[in-house]
Amino acid sequence: MVGLFIAEFVPAILSYLFLLLLSNSTSVDLIGVLGFVITLSAILANISSLEIHVGMKRFLGQSISENDWSTFKQISSTSILFVLLTSVSILLLFVTPFVNFSTFLGVDDSFIPIIVIIVIGSNLQKVFTAIFSSALKSSSLIFPSVLASSLRFPPLLFFIFQNDLTETNVLWSYAIFYAVIAISTLILITLLFFRQDGISIKNIFLNIKLVLKGSLSNWINSVIGILGTKLNLLVVFSTHGASDAGLFFIPFVIFGILMMLVNSITQIIHPVFSGFKDSNPELFVLKRTLKLGFLTTIPLCSVVFFYADSILSIFSNQFLISNDTLSILLISFPLMVFDGILFYLFYARGKYAYIFYIGIITNIPRILLYLILIPELGNIGGAWAYTIGAIIQTGITLFFVKKSNISLQYLQYFGLVLIPFSLGFIFEQINLGLFGAVLVFIFSYIVFLKLKLFSEDDIENYLQIFSSKEIVIKRKKRVINFLKYCKLY
């Protein structure tokens with residue numbers, strides 16, 4: 001798990017630093033244009049991916065549990081080729097003069113090659129991540145992800161020093177990540193396949209049918225979902241201009257970094273769920289994963305919520321006006337942690353109807369609210385529309401949890417949310433500045449330990465993220481002895 005966590009989190013932090021450097025060197029308008037192109041590319045990537053990277057995981061997880069590398073390689077190879085085909089097809093449709101989508105959306109011709117690289121690179125990255133995480137070799141993703149993220153900075157710094165931060169130059173600097181990670185990860189996958197027995201390309205049509213069976217059921221839902229998540233910025237851009245889009249984009253980036261923590265957990269847990277043959281160990285892992293998700297992310301969410309001004313000011317003082325937008329988005333975060341992990345349980349169980357209804361019932365109202373609230377309320381309207389959608393999603397998720405007779409520790413999850421937010425409120429009132437943010441984070445875990453919300457099993461879970469199984473028990477004893485010595489446990 002540590003490999004995927006690093007591979008997801010480090011690029012997120014480096015992307016944060018990229019935007020941090022850029023926002024302190026240019027105008028809000030340019031940030032808005034960057035956000036517009038990134039968002040449009042994400043929507044096109046989602047449409048063209050057909051959710052192959054999700055559909056393949058179930059079958060890859062089963063192949064690994066049965067030690068069937070031949071099938072694993074064939075499904076992986078077929079998925080890579082098919083995603084390339086669908087990505088190119090959608091991009092051709094987007095730019096063809098007969099359909100004229102790019103002109104309708106006001107996309108500059110110089111942005112088209114950049115969008116092509118982002119869409120194809122993004123889709124390949126998703127498939128490659130699914131392959132390595134399903135093979136439980138996610139540590140292989142660390143080097144290409146860190147390398148690709150780092151290579152964004154040399155051209156950006158060059159353009160800054162040359163005082164040549166045009167929209168096109170900035171977008172090319174950003175797009176380098178997708179080209180490098182696609183090429184470097186493909187090389188690693190080729191090496192992985194060479195080390196395993198079995199033919200890599202075989203039964204192509206059968207494997208396409210197999211993967212599509214697991215992906216198409218979620219594709220329409222996913223397209224509606226990406227519109228429910230990303231359409232807000234496009235509506236802000238079209239109704240209020242590039243400046244407001246920039247002021248909305250930065251809070252959403254900060255929110256997205258927090259969601260990366262959750263995604264690093266769900267990326268691993270999906271193939272693990274798929275490998276189970278009965279529900280008992282599945283439910284055990286579900287409960288531990290939910291608790292780990294809350295323990296890992298909520299204290300940090302509380303810090304960002306109560307110290308939003310300080311965090312936004314790092315991007316420059318022109319973004320302080322986005323404080324309320326970020327705070328409203330963060331209201332939805334604990335709900336997204338819960339919903340995200342349950343989503344992958346339903347998917348691994350083959351409950352595609354549940355996934356479909358969750359997506360439709362959540363995102364159609366959210367999209368309608370974007371179209372209603374953003375023209376009138378601007379960024380605040382977009383943030384509330386997103387959060388209301390998260391509340392609706394939690395409601396329908398709870399309905400299906402009850403229908404599936406899944407018993408969860410709701411009071412415990414509520415405590416894991418209430419404690420950090422209560423501490424955040426207290427320390428904000430004391431007005432200790434950023435030192436208060438540090439205290440919120442530290443005291444959250446102290447209170448968790450005192451109330452036994454952070455148990456020995458949870459300590460073991462954390463150690464397994466950063467250590468091999470052979471040394472977990474020894475380190476666990478050391479940690480517990482230290483906590484007892486400090487009278488924290």
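The figures here come from the full heavy-atom set of this structure, side chains too, leaving out hydrogens, waters and symmetry mates. Note that this is a predicted model, so its numbers are computed, not measured.
Here the side chains of L312 and I254 are in contact, with some heavy-atom distance below 4.5 Å. Side-chain contact between F333 and I298: present, with at least one pair of heavy atoms (C-beta onward) separated by less than 4.5 Å. Contact of the S76 side chain with the F193 side chain is registered, since non-hydrogen atoms from C-beta on lie closer than 4.5 Å. Taking the side chain as every heavy atom from C-beta outward, P11 and F177 approach each other to under 4.5 Å. Looking at heavy atoms from C-beta onward, L44 lies in side-chain contact with F94 at the 4.5 angstrom threshold. The side-chain heavy atoms of L188 and P144, taken from C-beta on, include a pair separated by under 4.5 Å. By the 4.5 Å heavy-atom criterion applied to side chains, V10 and S145 are not counted as neighbours.
Using bins of under 30°, 30° to 60° and over 60° for the plane-to-plane angle, the ring pair F255/F252 lands in the tilted bin. Taking the six-membered ring where tryptophan is involved, the planes of F400 and Y354 are essentially parallel, since the angle between them stays under 30° and well short of 60°.
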Derivation and outcome, side-chain hydrogen bond (donor to acceptor under 3.5 Å, both in side chains), residues S70 and Q74
CA-CA 6 Å; S70 181; Q74 291 168 22; 3.1 Å; yes
Can you check ring pair (Phe, Tyr, Trp, His ring centres under 6.0 Å) on F153 and F158, steps first, answer last?
CA-CA 8 Å; F153 289 93; F158 174 79; over 10 Å; no
Applying side chain to side chain contact (heavy atoms under 4.5 Å, CB included) to I131 and I80, what does each step give before you reach the verdict?
CA-CA 10 Å; I131 292 171; I80 292 170; 4.0 Å; yes
Show your reasoning for whether side chain to side chain contact (heavy atoms under 4.5 Å, CB included) applies to T26 and I160.
CA-CA 9 Å; T26 189; I160 290 175; over 6 Å; no
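Here the shortest heavy-atom pairing between Q125 and I181 reads NE2-CD1, 3.7 Å. In plain terms, the two heavy atoms of T168 and I114 that are nearest each other are O-CD1, 4.0 Å. In terms of heavy-atom proximity, A130 sits nearest to M56 at CB-SD, 4.1 Å. Heavy atoms only, all atoms of each residue included: S49 and N123 are closest at CB-OD1, 3.3 Å. The two residues T362 and G389 come nearest to each other via the heavy atoms CG2-O, 3.2 Å. Taking each heavy atom of G228 and R366 in turn, the nearest pair found is O-CD, 2.8 Å.
Looking only at atom types and distance, the side chain of N24 has no donor-acceptor partner in the side chain of S316 under 3.5 Å away. Side-chain atoms of N379 and S322 include no donor-acceptor pair closer than 3.5 Å. For the residue pair N169 and T166, a side-chain donor N or O sits within less than 3.5 Å of a side-chain acceptor on the partner.
A 6.0 Å sphere centred on CD1 of I321 holds no more than 12 heavy atoms belonging to other residues, nucleotides or ligands. More than 12 heavy atoms of other residues, nucleotides or ligands sit less than 6.0 Å from atom CG of D164.
Residues passing the side chain to side chain contact (heavy atoms under 4.5 Å, CB included) test with S173, sequence neighbours excluded: F18, P155, L156, F159.
R152 contributes atom CZ, which lies 13.5 Å from atom CH2 of W172 (distance to the nearest 0.5 angstrom). Taking CG from L22 and CG from L165, the interatomic distance works out to 6.5 Å, rounded to the nearest 0.5 Å.
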